[in-house]
> 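After the structure tokens below, expect a handful of questions from me.
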Amino acid sequence: MSDDPDPPRSGLRNPVAAARGLGAATLGMEALVLGLAIQPIRVLGDGFGPAAMAASVALAVGAIVVAGLLRHRWAWYAGTVLQALLLLAGLLHWSLLAVGVLFAGVWAYVWHVRRVILS
């Protein structure tokens, strides 16, 4: 048995940067998917098509901005707010709800991984 008082480490050289990289990659992928969602929303657009496209662009820009700011603790919470806003944008078009559910799940997993790595 080890008498080492330090808790077990993740084995990563820089766990903070690893968690930040995972979060940034997730938000970057989300921005890409939201950008690509504009065309199907336009083609399948209902009465809220233009508003859904504007929301998609705004959320994609927000995801890119938050991805760049993940070095700040508050930006992780801003990413969570972004996921909630995406779920609310699902009221404008069903495809945004589908993307929101998918990325909210991925973001929850990123939070879990971050907590495990940094503990």
Side-chain angles (χ1 to χ4, degrees):
M1 298 298 165
S2 172
D3 292 331
D4 189 10
D6 292 333
R9 305 293 261 173
S10 65
L12 298 169
R13 290 181 193 212
N14 190 347
V16 173
R20 187 172 56 236
L22 177 62
T26 301
L27 290 171
M29 184 64 68
E30 184 174 359
L32 177 66
V33 169
L34 286 169
L36 292 173
I38 294 171
Q39 181 64 11
I41 291 171
R42 188 184 69 77
V43 171
L44 300 173
D46 306 341
F48 295 115
M53 288 188 298
S56 184
V57 169
L59 289 167
V61 169
I64 292 169
V65 169
V66 171
L69 295 172
L70 283 179
R71 66 184 168 275
H72 303 288
R73 182 176 171 89
W74 58 265
W76 288 91
Y77 297 103
T80 303
V81 170
L82 187 76
Q83 305 311 314
L85 290 174
L86 181 54
L87 289 170
L88 282 175
L91 296 172
L92 299 173
H93 199 271
W94 63 268
S95 62
L96 291 178
L97 179 63
V99 171
V101 168
L102 174 74
F103 278 102
V106 173
W107 190 250
Y109 180 69
V110 167
W111 267 97
H112 169 73
V113 170
R114 178 178 184 259
R115 186 177 38 112
V116 168
I117 288 175
L118 297 181
S119 65

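Only heavy atoms go into these numbers, but all of them, side chains included; no hydrogens, no water, no symmetry mates.
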> From Leu27 CG over to Trp76 CH2, what is the distance, rounded to the nearest 0.5 angstrom?
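Leu27 atom CG to Trp76 atom CH2 measures 8.0 Å (nearest 0.5 Å).
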> Return the minimal non-hydrogen interatomic distance between Ala75 and Val66, and the atom names on each side.
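It is O-CG1, 3.5 Å.
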> Passes side-chain contact (heavy atoms from CB on, under 4.5 Å), Leu32 versus Met29? Steps please.
CA-CA 5 Å; Leu32 177 66; Met29 184 64 68; 4.1 Å; yes
> Under a single-linkage definition using a 4.5 Å side-chain heavy-atom cutoff for Ile, Leu, Val, Met, Phe, Trp and Tyr, are Leu82 and Ile64 assigned to the same hydrophobic cluster?
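Different clusters: Leu82 never reaches Ile64 through Ile, Leu, Val, Met, Phe, Trp or Tyr contacts under 4.5 Å.
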> Do Phe103 and Val33 come within less than 4.5 Å of each other through their side chains, counting heavy atoms only?
yes
> Donor-acceptor pair, distance only, cut-off 3.5 Å: does the side chain of Arg73 make one with the backbone of Leu70?
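Absent.
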> So, for Ala19 and Arg114, which heavy atoms are closest and what is the spacing to 0.1 Å?
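That would be CB-CG, 3.9 Å.
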> Would you say Val101 and Leu85 are hydrophobically clustered, going by side-chain heavy atoms of ILVMFWY under 4.5 Å?
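Cluster IDs for Val101 and Leu85 differ.
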> At their closest point, which heavy atom of Leu96 faces which heavy atom of Ala52, and how far apart are they?
CD1-O, 3.7 Å
> Would a hydrophobic clustering, with Ile, Leu, Val, Met, Phe, Trp and Tyr connected at side-chain separations under 4.5 Å, put Leu59 with Leu92?
no
> Which heavy atom of Arg71 sits nearest a heavy atom of Gly68, and at what distance?
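Smallest interatomic distance, heavy atoms only, reads NH1-O, 2.9 Å.
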> Can you say whether the rings of Tyr77 and Trp111 are parallel (under 30°), tilted (30 to 60°) or perpendicular (over 60°)?
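Ring orientation of Tyr77 relative to Trp111: tilted.
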> Any side-chain donor paired with an acceptor under 3.5 Å for Trp107 and Thr80?
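Trp107 vs Thr80: donor-acceptor pair found between side chains.
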> Testing Leu91, Leu88, Leu87 one by one against Leu97 for a side chain to side chain contact (heavy atoms under 4.5 Å, CB included), which residue passes?
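With Leu97 as partner, side chain to side chain contact (heavy atoms under 4.5 Å, CB included) holds for just one option, Leu87.
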> Which distance, rounded to the nearest 0.5 Å, do you find between the CH2 of Trp94 and the CG of Leu44?
6.5 Å
> Measure the spacing between CD1 of Ile117 and CZ of Arg20 and express it to the nearest 0.5 Å.
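Ile117 atom CD1 to Arg20 atom CZ measures 12.0 Å (nearest 0.5 Å).
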> Do side-chain atoms of His72 reach the backbone of Trp74 as a donor and acceptor pair under 3.5 angstrom?
no
> Taking all non-hydrogen atoms of both residues, which atom of Ser56 and which atom of Gly35 are closest, and how far apart?
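Here Ser56 and Gly35 meet closest at OG-N, 4.5 Å.
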> Is Leu86 close to Glu30 at the side-chain level, that is, under 4.5 Å between some pair of heavy atoms?
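Answer yes - side chains close enough.
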